[in-house]
Amino acid sequence: MHDYLPLIVSGIADGSLVAIAAMGLVLSYKASGIFNFAHGAIGAVAAGVFYQLYKLNGLPWPLALVITLVLVGLVFGFVMERVAALVANASTTMKIVSTLGIMITLTSLFNLRYGGITKQFPDFLSQRTFRLGGVNIAWEQVIAVLVGLLLAVAMTVFFRRTILGRGMRAIVDDPQLVALMGLNPTTVRRWAWVIGTTFAAVAGVFIAPSIGLDGTTLTLLVVEGFGAAAIGRFSSLPLTYLGAVIIQVLVAVSSKVASDHPSLQSAPSSIPFAVLFLVLLLSPKGWLVEVGATLQQRVVTIPRQNRRVGLAKLVPVVVLVALVPHLFETHLLAWTKGMIFVLLMMSLSLLVRLSNQISLCQMTFAAVGATASYHLVQRGLPWTLALVCAGLIAIPIGAFVAIPAVRLSGVYLALATLSFGLFVQTALYDSPLMFGNDPLPLITMRPSFAESDTAYFYLIPVVGAVGFLLVRLVERARLGQLLRCKADSAIALESLGVNTSLLPLAAFCTAAFLAGVAGALIGPSVGVVSKNDFTTIPTSLLLVALLVLGARDQRIGTLGAALGGAIGLIVIPDYISSYDVLQGLNLFFGVAAVEAAFASTRVSTPRARRSSTPSGTTPQPELVTAGGRRG
Amino acid sequence: MADHHAVGLSLRGLTVRYGGVLAVDDVRLDVAADSITGLIGPNGAGKTSLFNACAGLVRASSGSVELFGQDVTRTSVAKRARLGLGRTFQRVELFKTLSVHDNIAMGHESAYVWKHPYSLLQALPSERRETERVTEQVMELCRLTDIAGRTAGSLSTGQQRMVELARVLAGPSRLLLLDEPSSGLTGQERAVFAEIVEDAVRILGLGVFVVEHDMDLVARICAQVHVLNFGRLIFSGTTREAMASELVQRSYLGESAVPEASGGPRA
């Protein structure tokens, strides 16, 4: 037991810091109805600003800290309030994409300034320790816990006692009422965002010394706070705090256990994601209520595929694909990989565009397919058979992810898929069944009938065409129509006698199959495959952002959107050798994704006119966006 | 069902509680399977709660719901629908991105889903023919043929309500729950709506249970009415009797109100 005490202490200290971030997230989510996926990135940016002021400009740390918090809190508070107002009427998918876009933007800005290499972050707090009950405790840890507790208590009192705090609790339900309290709804939201982002900044600055100035790790650490927020039902601050502390203590203690068992090495870091997924999976019906969900409407319409065209439109695509090996010989491998990503994008499109379900773990399905086919080929299975098996093996994984999809939608489904992806990435990628513990990539083989680069390239469109037909089949089948109906109004479909709960299962299984096949194709394109090809952050997130970007014009069909997205994600970066330009490209994707989310509310179908709404019906969306300036 | 007074829906001691709030209190009533029955009452009387309990959207705290003689108190929304209970919503619930035609077709097609292993993929030719036939028929009945190709989300409220009615008419429902079908409709649209509901009942032999605030409409189409107040059933009888009843007048129409010539009590 005594061995574990120091770990428990450090777990509590870490937990307090993560709790600060999580509480900030809950706060802004409660007041705006927008779940901020960029929350962690804002924390990372704050760490960067502090680093600049303290380390590079030599300001004393208290001054640097204050400037950082005020600057980051105010700037991002105002920015996020504007973003939230602009997407208030957008579909849940677009709301998610808007903050994902900000996350991508901020991460690339961070990388542009501080490079991809982790820099040592100065320990600005006292490193001195004292002994208590036989345990060495650092003052740094005491400060972390004190700050966390102080903020938790302060916020709880603020919510209960002050007018502004009460206004924040009420605003999502009825902005008009808040206005009647004499508060400007926009101001209330803005302050909620300012406080929320300041909390992210506090967490970012305080966490950074222990892990260094690394954008991705900092972002991920705050994502760990999502699990704590889930324990607090995305609503209760004290429970969120408690959740964060429990999770981090678990992580700290299990890292001690894992250090004795090499096979468990990656287990501790996956705990926060496992907790998030389990809470979402096991939460009883009605336990998690999506904030502001009653006001959401599905503004994005899926373009009706014109049944008469189709083939004629495919001709230029086929010609382009046929010419690629001749036109782009030096970058053929990237084009091959790009073509594979078209298939991956199409699988995602089934979920995002057809059934309005978001999946942030598409690369996880692909990783399952990639490793499954590798191991099967190693065991002597014919290549083609292994390819099909890779897809089939991904299906039960898709079905598993679909379990939360049966009950959850919108932002909670996004979180469930994100946490699943991160869990598999941290806990299972290293297992011998997947990529294994060896840092070296797996050597993959091409089929005997397509050994050369050109032959293998041509193989992809053939497989892709089969996948495309499958997607087309689902889109046009009764299943496709039912998924559209469910996305529009699940309750109406139920009331017509259709059991809708199994529909997402069908969609996820099909998507997982396609993604699994695509994953199996990735390795042989360059000859090696490693876990770095299948990251959840950023690749799975970029997939969603780029798919939405590709489909920004609503006339663009599934194939067009997938093609555009894949070229942007895979092919163009291959032509760029400069790190900065590459980050600039990501920056562009991030900004463009945010813009696409804004645009989605403009190209909506004309809103249904509701004349003389009887009393007792829900408020009209126009009233809800009183803060926004769009009618 | 040949029986003239066949009962479509019967509630026995139905009670709905939300936490401590008693929304529907020990209601016992019958809804005829072959005519139009009204449910009226002031705002907050529990009408929509009662409807939701009938449709299965909220669970009855106690009491039972019988549909065509079968106890459905614990049955899911979808199962009740398959047993012949159709409904429209107070706030229109359409498949907004689909065309009017496709909305109505789905009303019919929904019955085929999960029928055979192949059912999620394709409609059988016979199913497709039948869907097309019924859809055309219903669109004609509801005077929607002209706007068949329009996207449902782009229609006016009046048209949307009509599409919602048409969608449920295209299905296998034998008893319809209509929740405030005339709200948001112009006077003219109400008249047309009433006409169509009456036609549908006559032609298709349906029972209709309707929550409505427009007393003119109720007086015109309903054979029977039930009156709710504070969750309790305070009156059941013919529409004429209800209009004459002093109790109903007091609780619902206000102390001095007399049924007016136009508009409802809230007009």
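We use all heavy atoms of the structure for the numbers below, so side chains are in, but hydrogens, waters and symmetry mates are not. The sequence lines fix the lettering, A, B, ..., with proteins before strands; numbering per chain opens at 1.
For B/F209 and B/F51, the ring centers sit closer than 6.0 Å to each other.
Both the backbone and the side chain of B/A123 come within contact range of chain A, with heavy atoms under 4.5 Å apart. The parts of A/L493 that come within reach of chain B are both its backbone and its side chain, each placing non-hydrogen atoms under 4.5 angstrom from that chain.
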**Request:** Please assess A/S91 against A/N356 for the test side-chain hydrogen bond (donor to acceptor under 3.5 Å, both in side chains), listing each intermediate value before the final yes or no.
**Result:** CA-CA 9 Å; A/S91 66; A/N356 212 21; 4.8 Å; no
**Request:** Starting from the C-alpha separation in whole Å, work towards a yes-or-no answer on side-chain hydrogen bond (donor to acceptor under 3.5 Å, both in side chains) for B/Q90 and B/S183.
**Result:** CA-CA 8 Å; B/Q90 188 176 351; B/S183 76; over 6 Å; no
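At a heavy-atom cut-off of under 4.5 Å, chain A is reached by B/M106, B/G107, B/E109, B/S110, B/Y112, B/V113, B/W114 from residues 104-114 of chain B, listed in order of number. For a heavy-atom cut-off of 4.5 Å, chain A lies close to B/A78, B/A81, B/R82, B/L85, B/R87, B/F89 in residues 78-89 of chain B.
Residue with the most contacts toward chain B among A/C485, A/A506, A/A492: A/C485 (heavy-atom pairs, distance under 4.5 Å). When the candidates B/G44, B/A55, B/S119, B/G56 are compared by the number of heavy-atom contacts under 4.5 Å with chain A, B/S119 comes out ahead.
The existence of a salt bridge linking A/R478 and B/E127 is confirmed by a sub-4.0 Å separation between a basic side-chain nitrogen and an acidic carboxylate oxygen. Salt bridge present: B/R133 and B/E130 bring a charged side-chain N and a carboxylate O closer than 4.0 Å.
For the 3.5 Å distance criterion, the side chains of B/Q122 and B/R128 qualify, holding a donor opposite an acceptor. Using modelled atom types and a 3.5 Å distance limit, the side chains of A/Y412 and A/S283 yield no donor-acceptor pair. Using modelled atom types and a 3.5 Å distance limit, the side chains of B/T186 and B/Q188 yield no donor-acceptor pair. Donor-acceptor pairing under 3.5 Å is lacking for the side chains of A/N499 and A/S501.
Of the possible donor and acceptor atoms, one in the side chain of A/D488 sits under 3.5 Å from a partner among the backbone N and O of B/K96.
Remark: B/F230 CZ is loosely packed, at most 12 non-hydrogen atoms of other residues, nucleotides or ligands lying under 6.0 Å away.
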